[in-house]
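Beneath this line is the structure, given in structure tokens, with notes to follow.
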Amino acid sequence: MKVLRRFVYPYIVWAAVMILVPMLMILIYAFTKEGNSVRNFMFSLDSFKRFFSDPVFGEVLKRSLVIAVLTTFFCILFGYPAAYAMARSRFKIQLVLLTTIPTWINMLVRTYAWRGMLDNKGLLNTFFGLFGVGPFKMLETTFAVVLGMVYNFIPFMILQIYNSLEKIDKSYLEAAADLGANRVQVFLKVTLPLSLPGVISGITLVFLPAVSSFFIPKLLGGGKYVLIGNVIENQFLTAGDWSFGSAISLIMAAVIIISMYITRYIDKKTDPEGGAAL
Amino acid sequence: MKNENNIKPKKKKGSTIRRLYILAMLVFFYMPIVYTVVFSFNNSKSLSTFSGFSLQWYQKMFHNKDMVHSIFYTIAIAVLATIVSTFVGTLTAIGLSKSNRIIKAAVEQINDMPIMNPDIVTGIGLLMFFSTLAVKKGFMTLLLSHIMFCIPYVILSVMPKLRSLDPNLLDAALDLGCTPIQAITKVIVPQITSGIVSGALIAFTMSFDDFVISYFVTGSGVNNISIMVYTMSKRVNPSINALSTVIIAIITAVLVVINTVPVIIEKIRNIKNKRRSTI
């Protein structure tokens, strides 16, 4: 029995070295001065000061947040009806599978495909041309970036909402209808509140990758379209300023944690009226 | 009867809208994938018109050494990372199921970090880690990183299977004379095979599809397919579509295997059981 416990030890060592140490390094570098050496460790808040004093970075942070919020909003707007339709379909299992499969195929490859479709001479503009409209400049716009993000992340939202819709006991809906609620009322007062937990976990799954993504803005927004992920990428691969890069990724992590906290807070606040009693 | 007749047309209208919506959603999901595959066989450079079937982009891909190497590296790393992470992850999960609460909670907590962290954060952490140790970035750093982010998924997929096992099963095996290794290979592993297999498949697809972490930890000319697509994407080059199609084909094959093999295994098992019961 106790022999088996030893099987954990190698992984504890491995995880400490390969998972914890890199995370600690981000923390340490974020609070030290420029220079790629751990030996002359000096506590400093310079990197954070630099980030918040330069309006360029404030602008980037704001843009990243706006893009992530827009992405999350559109994922709910288009994802909710899709999940609702799936939950009422006869081919539930097949549809869940069809929604999952794209997420298993390389995100970068699927994002690259949109370049060919959104191009001025691309598939969509040729299609619009048939009706005599366009060509529209779609590539290297905010539209393309948000579209790329919605495309990549909406399956997560749909599947989460679908799961929570599936969990709803059908007798609640019948009870509400029996008690005189019409279809719209049943949806607004019973289905929607009961499916909110799915929406909340969907938000978590969409917002996090949307804030940190750097290849979607680069592929679809062009080189000039800079989000916070691109700044981090540049600091590590071009500028070589680890301290500043680490500080930015900590700021990004803080933004993610704060937004998750806000989402949960809103969820809890709305909960007592809706689903708590059930 | 009359009531039913009144309701039916209404329902039909709603379901048509729903069907159209689902159809539109599926077109949205699959159009880029189909587009990539179809235009990888195009005989011109056009992004919008398919002017004829040709394999020229595949030819160009196979003449490009970097592209061929990237396919090799992607497959080699995915296979090696899957083998190692499945082995280590399964053993760790078995050990965890017998460990005390504190160790269990601590390991699960650390395990969650690579899953919850944005990939870019994991990537830069590993980049600094390898650079500080002065490890030459390339195949080894890529492989180690992939093993690192695959193991948590294997553990996550094996743990629930272990939890549902009878805790006395192992004691029984040991009492009846099994060595601990026999107890694991002959008693525990057969009971958790489905968890191990799905863990291995998740590990394979995670490794095969990874771009962000690989992008930060690789070096000295070692690229996987995703990095290749990313670095070449600045110019219009339909060979990228050919390379993408290779990725799509392999992942689709894996998905088909996942969805058919369990059925086949189940059938084989049923047939074997039948034979046993007749004997």
Side-chain angles (χ1 to χ4, degrees), chain A residues 1 3-8 10-12 15 18-23 25-26 29 38 81-82 85-86 88-89 95 98-99 101-102 104-110 112-117 119 121-123 125-126 151 155 208-209 212 214-215 219 229 232-233 236 242 245-246 249 252-253 256, chain B residues 18 21-22 25-26 28-33 35-36 39 46-49 88 91-92 94-96 98-99 103 107 110-111 113-114 118-122 124-129 131-132 144 148 151 170-171 174 180 205 209 211-212 216 225-226 229-230 233 240 244 247-248 251-252 255 259:
Chain A
M1 271 292 282
V3 184
L4 294 187
R5 286 186 191 173
R6 289 190 200 146
F7 289 155
V8 187
Y11 185 66
I12 291 179
M18 291 288 291
I19 300 176
L20 285 184
V21 170
M23 291 302 125
M25 286 185 75
I26 296 178
Y29 270 103
V38 210
M86 274 165 65
R88 308 191 77 185
S89 163
L95 285 173
L98 282 172
T99 313
I101 288 172
W104 287 61
I105 294 174
N106 199 307
M107 231 178 226
L108 190 92
V109 161
R110 287 184 296 130
Y112 175 75
W114 279 102
R115 269 186 78 110
M117 302 206 308
D119 196 89
K121 290 176 199 155
L123 196 69
N125 269 323
T126 313
Y151 173 74
L208 187 142
S212 65
F214 73 93
F215 64 82
L219 285 178
I232 297 175
E233 182 204 351
F236 280 95
W242 289 4
S246 300
S249 57
M252 188 181 77
I256 291 172
Chain B
R18 263 183 270 136
Y21 195 87
I22 287 178
M25 179 187 85
L26 292 179
F28 178 60
F29 284 168
Y30 287 92
M31 194 165 58
I33 299 168
Y35 173 84
T36 304
F39 278 77
S46 168
L47 294 169
S48 56
T49 37
V88 176
L91 277 186
T92 308
I94 292 173
L96 276 181
K98 299 292 169 197
S99 296
I103 289 185
V107 173
I110 300 172
N111 227 15
M113 288 175 74
D119 281 352
I120 191 169
V121 173
T122 311
I124 59 165
L126 287 169
L127 169 106
M128 291 195 286
F129 175 68
S131 299
T132 305
L144 286 175
M148 173 252 165
I151 292 177
L170 196 74
D171 291 324
L174 294 174
T205 50
D209 274 353
F211 164 67
V212 177
F216 284 102
I225 302 181
S226 314
V229 172
Y230 185 68
S233 62
I240 301 177
S244 299
I247 287 200
I248 294 170
I251 286 292
T252 312
L255 287 173
N259 288 298

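Letters A, B, ... mirror the listed sequences (proteins, then strands); counts begin at 1. Quick caveat, the model's predicted, so the values are computed rather than measured.
- For A/Met252, the part lying near chain B is the side chain, with the backbone staying farther off; criterion is any non-hydrogen pair under 4.5 Å.
- Contact of A/Met23 with chain B is made through the side chain alone, with heavy-atom distances under 4.5 Å.
- The contact between A/Leu98 and chain B is made by backbone and side chain atoms together, counting heavy-atom distances below 4.5 Å.
- Counting heavy-atom pairs closer than 4.5 Å to chain B, the top residue among A/Pro10, A/Pro22, A/Gly229 is A/Pro22.
- In terms of non-hydrogen atom pairs under 4.5 Å with chain B, the most contact-rich of A/Leu219, A/Ile101, A/Asp119 is A/Ile101.
- Note: A/Trp114 and B/Phe28 have tilted aromatic rings, judged against thresholds of 30 and 60 degrees for the angle between ring planes.
- Within the 4.5 angstrom heavy-atom criterion, no atom of A/Pro209 approaches chain B.
- Smallest separation of non-hydrogen atoms from B/Phe129 and A/Met25: CA-SD, 3.6 Å.
- In this structure, chain B has heavy atoms under 4.5 Å from both the backbone and the side chain of A/Phe215.
- In terms of heavy-atom pairs under 4.5 Å with chain B, the best-connected choice from A/Ser249, A/Ala15, A/Pro102 is A/Pro102.
- Without hydrogens or angle criteria, A/Tyr112 side chain to B/Tyr230 main chain gives no donor-acceptor distance under 3.5 Å.
- Among the candidates A/Leu208, A/Ile19, A/Ile256, the residue making the largest number of heavy-atom pairs closer than 4.5 Å to chain B is A/Ile19.
- Contact annotation for A/Ile105: both backbone and side-chain heavy atoms come within less than 4.5 Å of a heavy atom of chain B.
- Per-residue counts of heavy-atom pairs under 4.5 Å with chain A were compared for B/Met148, B/Met31, B/Met128; the largest is that of B/Met128.
- A/Leu20 touches chain B through its side chain: at least one heavy atom from C-beta onward sits under 4.5 Å away, while N, CA, C and O do not.
- Among B/Ile22, B/Leu96, B/Val88, the residue with the largest count of heavy-atom pairs under 4.5 Å with chain A is B/Ile22.
- Residue with the most contacts toward chain A among B/Leu127, B/Ile94, B/Ile103: B/Leu127 (heavy-atom pairs, distance under 4.5 Å).
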